[in-house]
Engineer: 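Supplied in structure tokens, the structure appears directly below.
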Amino acid sequence: MNRFFSFIRLRALLAKETIQMRRDRVTFAMMLGVPLVQLMLFGFAINTDPKELPAALVAPTQDRFTRAMVSALELTGYYRFTAMGTTAAEAEEMITKGDVSFVVTVPSDFGRRVERGDGATMLIEADATDPSVASGAISTLSTVARSALQREAGIAAASPPVEIIVHRRYNPEGITQYNIVPGLLGVILQLTMVMMTAMALTREVERGTMENLLSMPATPLEIMLGKIVPFLAVGAVQVAVVLIAAKAVFDVPFVGSLSLVLAGIFVFVLALVILGYLISTLARTQMQAMQLTFFFFLPSLMLSGFMFPYRGMPQWAQLLGEVFPLTHFLRLIRAVMLKGAEPATVAAPFAALGLFTLVLALLALLRFRRTLD
Amino acid sequence: MTDNAITVTGLTKRFGDKTVVNDVSLSVRKGEIMGFLGPNGSGKTTTIRMMCGLLEPDGGDGTVLGYDIRRHRRAIKRRVGYMTQRFSFYEDLTIAENLNFVAGLYGMKPKRQVVRDTLEDLGLTARKDQLAGKLSGGWKQRLALAACIMHKPDLLLLDEPTAGVDPKARREFWDEIHNLAQDGLTVLVSTHYMDEAERCHRIAYISYGQLIAKGTVAEVLRDANLTTMIISGDKVAAAARALKGAPGVDQIAPFGATLHVVGRDGAALKASVAAVAEQTGCTAGPAETSLEDVFIQLMGSAEDNMQ
């Protein structure tokens, strides 16, 4: 046999590796499953040019010109009017919540002015927290809407075109960081909190210290709290760092109330840490815990609206996105930080996060092996 | 009942379709050192874990220190010290930190005093800030024992405490166990070292999940009713070959230059050995049956029962 390389030795090594790979089911499933998940998500769910974005119409008099505008906007494929005839206040609430991406306001004298050719204006407010979402819809505005209106009015070419005023709300300059940095807070917290907690308990099992811990008088609740509280403290430091950096380095505006943001972060982190704890009751080794964490982390990154616009995804992917705490957290923090949402406006994401925490905690306590069975 | 620290009857545990512990009944008197013997994978650890509330039995009942092993697990944990087979304190904590942790979990007061005394008893005061993971096997074992008895338990369950420990440390360990028993502590210790079995007041032997012998060492030896012959000479290897399968011969084991031959049927064994000794020119004589011989015999017969 050759001193430096022998096929026989290599074959022995390859055979051993193959057996080990097959035996570690979780890793094997991950290797086959992750590419499949990625393929499905990237291939079908992700769309960087979202269409059919929800819009609200504020139009006191819905004449034929208004209707023509609405249908022309819908014809572009970018707008889908989900709320017609709302008041300005209702529409404001909806855009703050993120229920709609646009508010189209047609003043009551719009029709008259069009007919008279007297400088008709309409206002389109776009939620520009994620600049990429709004840009496509805004770019089509001038041409399509105008031509549609002219056709409807049968107006002579001489009449001045309708002026469409566009407000890019919350992020007039279209700065991507405004959207990304608050989101990053969620992503950073998610990765560290879930992974660290998941590993912490599995380490006890792997090193055999769990057996000892269980044979001493400590209750599951105590063990769980003992594991979770230190990571809550780590999370608090991370939050402080990111929030200070957002302000000092990235210049992200902070419109809403700090205490509301902190309350949201607290519930979110609690949900994450408990999720990590739950993973640690499922995984047998630290390696498995890490893999399970990533299995959760990856789709949540893609489907939560952090990496790609949530509105751009098909219905099924949006539904799937609702399953991740990150989705709700992003809605919450963007609404409060960038849009200055009031507590009542973000009640829905708060409730969703609270529900996560509750359900996960219940599952974790049930899953906890009081015995070694 | 009041005289027993442990009373279990019909204890059974299954993992999947494998019965790991099958119908084990055992009692350990207060203040007694009970040796729990058996080959690897015979169910010793599982039995001990059921006794201290770490595993739920699939069948059978029992009391430990008067508490029901199914319903009073919390109470049992408070009064029992359990030393696991593998070192299961925190290797990334120092000796003092480990002891502090345990003292805290049991709510011992005054904590500092308790920990200081324990370190003093251990002779580890000078090294208290050393990481537990850096300790040698013998010291790890002493630390684990100290941590297990810090809360002054009434019963000590030791799962192969001396595995991988040098003879001197083992000797000291057993001296310590006897000291503790003299003070009234009950000890159930699993091992597969025969010399350790002989240091126990009573022993119980488990094989393939079944308890197959119990009593004092003398009783177990007597009940086994084995005959042992010793053969010496130049051609013991030839004698060993000739004895294989001979009538009355159950075990042949070389010990240095001699051969131990063990069997249940004394008369047949003696006849076979005498014939072979003559044939090979070796000398043969009677010898004392050792506990090891008995256990190997028991293992063999337990295996037969399984088939």
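Below, chains carry the letters A, B, ... as their sequence lines are ordered, and counting in each starts from 1.
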Engineer: Is any residue of residues 157-164 of chain B within less than 4.5 Å of chain A by heavy atoms, and which ones?
Structural biologist: none
Engineer: Evaluate side-chain contact (heavy atoms from CB on, under 4.5 Å) for A:Glu211 paired with B:Arg49, printing each intermediate quantity in order.
Structural biologist: CA-CA 9 Å; A:Glu211 184 180 3; B:Arg49 283 177 176 172; 2.8 Å; yes
Engineer: Could you tell me whether B:Arg74 atom CZ has more than 12 heavy atoms of other residues or ligands within 6.0 Å of it?
Structural biologist: no
Engineer: Does a side-chain N-to-carboxylate-O contact under 4.0 Å join B:Arg71 and B:Asp61?
Structural biologist: no
Engineer: So, for A:Phe329 and A:Phe324, is the gap between ring centers shorter than 6.0 Å?
Structural biologist: no
Engineer: When you measure from the centre of the six-membered ring of B:Tyr193, is the NZ or CZ of B:Arg170 under 6.0 Å away and within 45° of the axis?
Structural biologist: yes
Engineer: How about CE on A:Met21, more than 12 heavy atoms from neighbouring residues, nucleotides or ligands closer than 6.0 Å, or not?
Structural biologist: no
Engineer: Rounded to the nearest 0.5 Å, what's the gap from OG1 on B:Thr84 to CG on A:Asn212? Could you check?
Structural biologist: 5.5 Å
Engineer: Between A:Glu206 and A:Arg284, is the closest basic N to carboxylate O distance under 4.0 Å?
Structural biologist: no
Engineer: Looking at A:Thr209 and A:Glu204, would you say the former's side chain and the latter's main chain have a donor-acceptor pair under 3.5 Å?
Structural biologist: yes
Engineer: Taking heavy atoms only and a threshold strictly under 4.5 Å, list by residue number the residues of residues 132-145 of chain B that touch chain A; give 'none' if the list is empty.
Structural biologist: none
